[in-house]
Amino acid sequence: MKTYQKLFLALVGLGLAASLCLNWQRIQVERANKTIETVMEYNSLVRMAQEEGVPKEQVFKEFRDRGVTTLTVFDTSLDKLAQKGSVNVLTGAQLLELARVQQLRPEWQAIVDNPDFMVDALYISAGTSERALKEAEEDIRLRFGKERIVELNVSPLILRFDGDTIISKNPIAGDERGVREMDLGPSTDELQDVTKNGFMVAIRPTNYCERYTAAAASEEEQINAFFRRLDDSGAKVSLIIGSGKQMLGNNKYLPLVAKNLLQRHITMGMVEGVTQLQFVKLEGMTELARLANYQVARTYVIADAEQRKMQVFDAFRRWSLADEERNIRVNYIKTFLTPRDNKTLLQTNLDYVDRVTRDVASKGFATGPADIYKVYQPSRLWYIPMAFSLAAAWCLYFLLLGVLPEKHYVKATGIFGVLVTAGLFAGPLGLLARQGVAFGAAVIFPVLSMHRMMGIWRKKRIPGQPGGFGSPDLCPSV
């Protein structure tokens, strides 16, 4: 065996050993990351309970028993609070109509009779929740400015909110909404209801840093108020997933948001986009992930438009496959909106979730807060034998082509290996160099392997039998 052959085998052997060690380390990191967080939307389960005419606590328990760990809570609005009955919201025009038919209580009649009465305003009072009214007042002052809301009566508390009283329901209007539809903040009532029923919370805030008016509170004040409400609620918030088009804090206050997330050990959920291995476009998401030291979990959700066309059997098979192949660690399951398979809507979704969680568990995954990959930064010394292995392979290729003389093989391999190693250690260019090494290895080793196999076929050719291994019919160039 010639010297260059011995050197080639030695370097390739060392490179193979180093790559196997790195792969083993990576496998161990992935094996330690096997906990899946199963998420559903709080409001979806509440609506389902209302449609079935059963207590929401019963519905919560049934989904929790089937493996759901977390419920999402979105920002509320005056419209949502009024629909739930948490607060009462009336326009000035509605108050005038009630006064005309003499259906107002004295404190309301006094407001209408006041010379300062405004028709183009909203009048807010407590419904089933005094706390909801207090939080709505706080959020309106933060989002719109202190001057926009006025206390008209103390007992009972009645507030006047100056603003557009029209609710925009026209889909052509796009983002144009009235003040009744504007996002305020998370509801403590919802946060505590989720916690009371044994779930963790996945919070989905909009970006309060895009202030609604010039008189709104500062961005920092709005962000601090948001996290303060989470703390005061006592809820166990495990995830934050962006809502709308921007992450909370985009773009100047992302460091403040990241600091709060790290202090509370809240994982950031990054939702996978329609194009696999990409994420939903959300401004500030990638930067926030970086600032939060990549304490993130890849999140999978089936798009609403797609799920409407699917049967339960087609949908449930996707989840465990995504968890295995793409390291999904948050299964964000949305409910079917119509009954399937001759079942009620509730039973359809219970069976769907049950099949999903059972299938995921059968693949060896556990249930709980989403696992986060530990920081894995192997020593760059492992890259040195891989760099010289690649250099030996390419130099052998050029030697076989007749471009590189055999007497210069050792010298060329050493120089090429040193250059590749320097690239791997070149700071910010290190990642690009590693990608180059991977690409170069993927190209050259199959070529050398095929050259070797053709040589073997030629030696094993059976004389007088055309078409055999290595015969000129199959390998005319050999």
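Numbers here simply count residues along the sequence, with the first being 1.
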Answer with yes or no whether the side chains of Asp75 and Thr206 bring together a donor and an acceptor at under 3.5 Å.
yes
With heavy-atom distances below 4.5 Å as the criterion, would you say the side chains of Asp189 and Lys84 are in contact?
no
Do Thr188 and Glu135 meet the criterion of a side-chain donor-acceptor pair at a distance under 3.5 Å?
yes
With heavy-atom distances below 4.5 Å as the criterion, would you say the side chains of Leu142 and Glu221 are in contact?
yes
The reported gap from CE in Met48 to CE in Met40 (rounded to nearest 0.5 angstrom) is 5.5 Å
Can you confirm whether the side chains of Ser320 and Asp359 place a donor and an acceptor under 3.5 Å from each other?
yes
Within this structure, what is the CZ-CG distance for the pair Phe336 and Leu345, rounded to the nearest 0.5 Å?
10.5 Å
Glu37 side chain vs Ala370 backbone, donor-acceptor pair below 3.5 Å:
yes
Can you check whether Glu107's main-chain N or O pairs, donor with acceptor, with Asn153's side chain at less than 3.5 Å?
no
Run the ring-centre check on Phe313 versus Tyr352 and record whether the distance is less than 6.0 Å.
no
With a 4.0 Å cut-off on N to O distance, would you call Glu138 and Arg229 a salt bridge?
yes
Under 3.5 Å, is there a donor-acceptor pair between the Gln246 and Glu210 side chains?
yes
By the definition side-chain contact (heavy atoms from CB on, under 4.5 Å), identify the one residue from Ile333, Val356, Thr357 that meets it with Phe316.
Val356
Please check this pair: side chain of Gln307 against backbone of Lys334, looking for a donor-acceptor N/O pair closer than 3.5 Å.
yes
Under the criterion side-chain contact (heavy atoms from CB on, under 4.5 Å), I'd like the reasoning laid out for Leu96 against Val119: C-alpha separation, chi angles, the key distance, then a yes or no.
CA-CA 8 Å; Leu96 286 177; Val119 176; 3.8 Å; yes
With no hydrogens and no angle check, do the side chains of Gln347 and Arg340 hold a donor and an acceptor under 3.5 Å apart?
no
Taking atom types as modelled, is there a side-chain donor on Arg264 or Asn260 under 3.5 Å from an acceptor on the other?
yes
Separation between CD1 of Ile124 and CG of Asn88, rounded to the nearest 0.5 Å
10.5 Å
With a 3.5 Å cut-off and no angle check, do the side chains of Tyr253 and Gln222 form a donor-acceptor pair?
no
Non-hydrogen side-chain atoms of Ile240 and Arg204 separated by less than 4.5 Å
no
Carefully, step by step, assess Lys343 and Asp351 under the rule side-chain contact (heavy atoms from CB on, under 4.5 Å).
CA-CA 10 Å; Lys343 300 175 183 177; Asp351 290 349; 2.6 Å; yes
Would you say CD of Glu151 has more than 12 non-hydrogen atoms from neighbouring residues, nucleotides or ligands within 6.0 angstrom?
yes
Geometric cation-pi criterion, Arg143 with Tyr208: 6.0 Å, 45°
yes
Tell me whether Asn114 contacts the main-chain N or O of Ala110 through its side chain, where contact means a donor paired with an acceptor under 3.5 Å.
no
CA sep, side-chain torsions, deciding dist, call: Val312, Thr348, side-chain contact (heavy atoms from CB on, under 4.5 Å)
CA-CA 8 Å; Val312 173; Thr348 296; 4.0 Å; yes
Just so I know, are the side chains of Phe144 and Ile149 near enough to count as touching, which here means a heavy-atom distance under 4.5 Å?
no
Just verifying a value: how many Å separate Glu283 CD and Asn251 CG, rounded to the nearest 0.5 Å?
8.0 Å
On the six-membered ring of Tyr300, is Arg326 placed so that its NZ or CZ lies under 6.0 angstrom from the centre and within 45° of the ring axis?
yes
Any donor-acceptor N/O pair, Asn197 side chain to Asp193 backbone, under 3.5 Å:
yes
If we ignore hydrogens and angles and just use 3.5 Å, is the side chain of Asn224 paired with the main-chain N or O of Glu220 as donor and acceptor?
yes
Please check if any side-chain donor atom of Thr213 sits under 3.5 Å from a side-chain acceptor atom of Arg211, or the reverse.
no
Can Arg160 and Asp162 be said to form a salt bridge (Lys or Arg N to Asp or Glu O under 4.0 Å), step by step?
CA-CA 6 Å; Arg160 186 186 71 201; Asp162 304 340; 3.4 Å; yes
Short question: side chain of Thr195, backbone of Leu191 - any donor-acceptor pair under 3.5 Å?
yes
Straight-line distance of Met270 CE to Ile328 CD1, nearest 0.5 Å:
11.0 Å
So, the side chain of Tyr212 versus the backbone of Asp183: is there a donor-acceptor pair under 3.5 Å, distance only?
yes
Just wondering, do Leu71 and Val39 contact through their side chains at under 4.5 Å, heavy atoms?
no
Using atom types as modelled and distance alone, determine if a side-chain donor or acceptor of Asn327 lies under 3.5 Å from a backbone N or O of Asp323.
no
Give the C-alpha distance, both sets of side-chain angles, the deciding distance and a yes or no for side-chain contact (heavy atoms from CB on, under 4.5 Å) between Val194 and Val73.
CA-CA 9 Å; Val194 170; Val73 174; 4.0 Å; yes
With a 4.5 Å cut-off on side-chain heavy atoms, are Thr421 and Phe425 touching?
yes
side-chain hydrogen bond (donor to acceptor under 3.5 Å, both in side chains) test vs Arg329 passes for just one of Thr267, Asp371, Asn33, namely Asn33
Test Tyr42 against every option in Phe199, Phe63, Phe74, Phe60 by the ring-ring contact (aromatic ring centres under 6.0 Å, His included) rule and name the one that passes.
Phe60
Is there a donor-acceptor pair under 3.5 Å between the side chain of Thr69 and the backbone N or O of Thr38?
yes
Is atom CD of Glu306 surrounded by more than 12 heavy atoms (other residues, nucleotides or ligands) closer than 6.0 Å?
yes
For Glu57, is there an ion pair with Lys61 - N to carboxylate O distance below 4.0 angstrom?
no
What I'd like to find out is whether the side chain of Val54 reaches to under 4.5 Å of the side chain of Val59, using heavy atoms alone.
yes
With rounding to the nearest 0.5 Å, note down the distance linking NE2 in His265 to CD1 in Ile372.
10.5 Å
Side-chain heavy atoms of Val257 within contact of Leu288, under 4.5 Å:
yes
